[in-house]
Amino acid sequence: MPELPEVERARATIERAALHRTIADVDDTDSYVCRPHTPGQLKDALVGRQLSEACRRGKAMWCTTSRSGPLLGLHLGMAGRIVVTEPDGSVVEGGDPRGGGYGPSPDGKPEWYRFTLTFESGATMRLFDKRRLGRVRLDPDLDALGPDAEMVRVAEFRDRVGRGTAPVKARLLDQSVIAGVGNLLADETLWQARIDPRRRVSDLDHDDLTRLHRALGTATRAAIRKGGVHTGEVIPHRRAGAECPRCGAEMQRATVGSRTTWWCPEEQV
DNA sequence: CCATATGTTAAAAG
DNA sequence: ACTTTTAACATATG
């Protein structure tokens, strides 16, 4: 589930419900999710501190901590979400509006909680992640990340995305080029911009890149507002036999940039 | 058993 | 050396 829009929602949930509370306990015993830290390392670094700010660039998220403590890096991986609960056990809404089967309840198994902060009040902030590809670490290295997909200006976008020879979709997915675009947001953006995902960036002209930048901004902001990348216009049409919601042509599927890709063969050229 | 899955990254290939 | 592509990662689900 998590691409930039979902991560932004998770960040906002933390900001609204988990800041400025003193950390009383930490469960960091999942040594894969917390790698390369050893069990207890995160706990030792965090107990007694508070989360001060919730920040994000692309899909990377981190919290600053009180008294000049370390940054707490949180990455949702392929299936993670942040769940904050109040002392009475009620779940703070906002992380994932779909809830239901992907949610922490009622069918969320307890072992799918991979990391937990317990505050003095009894409130908790947890990483819920079925697939365990999410990651928690202290002072994450953010140097390799490109500018955030929602913030990048058009000139820099053209410079970065237009460089190289890779298919444009692969370029959009490269987090060191632009941070935050995942498989679904890439398909939505390319569909909005009417660009074939297989096109080489060396073949895109100034106008193509400008259109792509605009489509990315529009698609990203719409997804944040509506609650996630699933709310994109073309996303429900990423399946066999589906038609382009604009022109009715049958959607086409292929692997581009090592990911399953769907596009409209009529309009995306 | 097989294929698929919204992410990252190390290793291989070019 | 730099860019691009693929495989592997851990786990669930159809």
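Just so it is clear: chains get the letters A, B, ... in the order the sequence lines come, proteins before strands, and each one is counted from 1. Since we're looking at a predicted model, the values are computed, not measured. Every heavy atom of this structure was used, including side-chain atoms; hydrogens, water molecules and symmetry mates were not.
- If you check the side chains of A/T124 and A/T85, you find a donor sitting under 3.5 Å from an acceptor.
- Between the CG atom of A/L127 and the C1' atom of C/dT11 there is a distance of 14 Å, rounded to whole Å.
- Distances shown here put every side-chain N or O of A/R137 at or beyond 4.0 Å from the OP1 or OP2 atom of B/dT8.
- The 12-atom threshold is not exceeded at CZ of A/R214, counting heavy atoms of other residues, nucleotides or ligands nearer than 6.0 Å.
- Considering only side-chain N and O atoms, A/K59 lies nowhere under 4.0 angstrom from the phosphate OP1 or OP2 of B/dT6.
- For the residue pair A/T220 / A/E150, no side-chain donor-acceptor distance below 3.5 Å is found, with atom types taken as modelled.
- Against DNA chain B, the stretch residues 71-80 of chain A makes heavy-atom approaches under 4.0 Å through A/H75, A/G77, A/M78.
- With rounding to the nearest 0.5 angstrom, the CD atom of A/E250 is 7.5 Å from the CD atom of A/E243.
- Taking atom CG on A/L184 and atom C1' on B/dG7, their separation rounds to 12 Å, with Å as the unit.
- The distance between atom CZ of A/R81 and atom C1' of B/dA5, rounded to the nearest whole Å, is 17 Å.
- Salt-bridge annotation for A/D129 and A/R132: absent, with no side-chain N of the basic residue lying under 4.0 Å from a carboxylate O of the acidic one.
- Toward the 5′ end of DNA chain B lies the nearest nucleotide of A/E3, the other residue of the pair A/R35 and A/E3 mapping further downstream.
- Using a cutoff of 4.0 Å between basic side-chain nitrogens and carboxylate oxygens, A/R11 and A/E8 are scored as salt-bridged.
- No salt bridge links A/R259 with A/D187; every basic N to acidic carboxylate O contact stays at or beyond 4.0 Å.
- Here B/dT9 presents its C1' atom at 14 Å from CG of A/L173, a figure rounded to the nearest Å.
- Annotation: C/dT4 and B/dT6 have their P atoms spaced 23 Å apart (nearest Å).
- Atom-to-atom, CZ of A/R135 to P of C/dA10 comes out at 12 Å; the value is rounded to the nearest Å.
- Between the CG atom of A/D187 and the C1' atom of B/dA5 there is a distance of 14 Å, rounded to whole Å.
- Counting heavy atoms from C-beta outward, A/V229 and A/E188 have side chains that stay 4.5 Å or more apart.
- C/dA12 sits 23 Å from B/dT9 when the P atoms are compared, rounded to a whole Å.
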Worksheet item: In B/S/- notation, 5' to 3', how is nucleotides 4-9 of chain C contacted by protein heavy atoms closer than 4.0 Å?
Response: SSB--B
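- Atom CZ in A/R9 sits roughly 16 Å away from atom C1' in B/dT6 (whole-Å rounding).
- Nucleotide C/dT11 is matched to B/dA5 when pairs are restricted to Watson-Crick or G-U wobble geometry with both distances under 3.5 angstrom.
- Atoms CG (A/D129) and P (C/dA12) sit 10 Å apart, rounded to a whole Å.
- Taking a cutoff of 4.0 Å between a charged side-chain nitrogen and a carboxylate oxygen, A/R163 and A/D159 do not qualify as a salt bridge.
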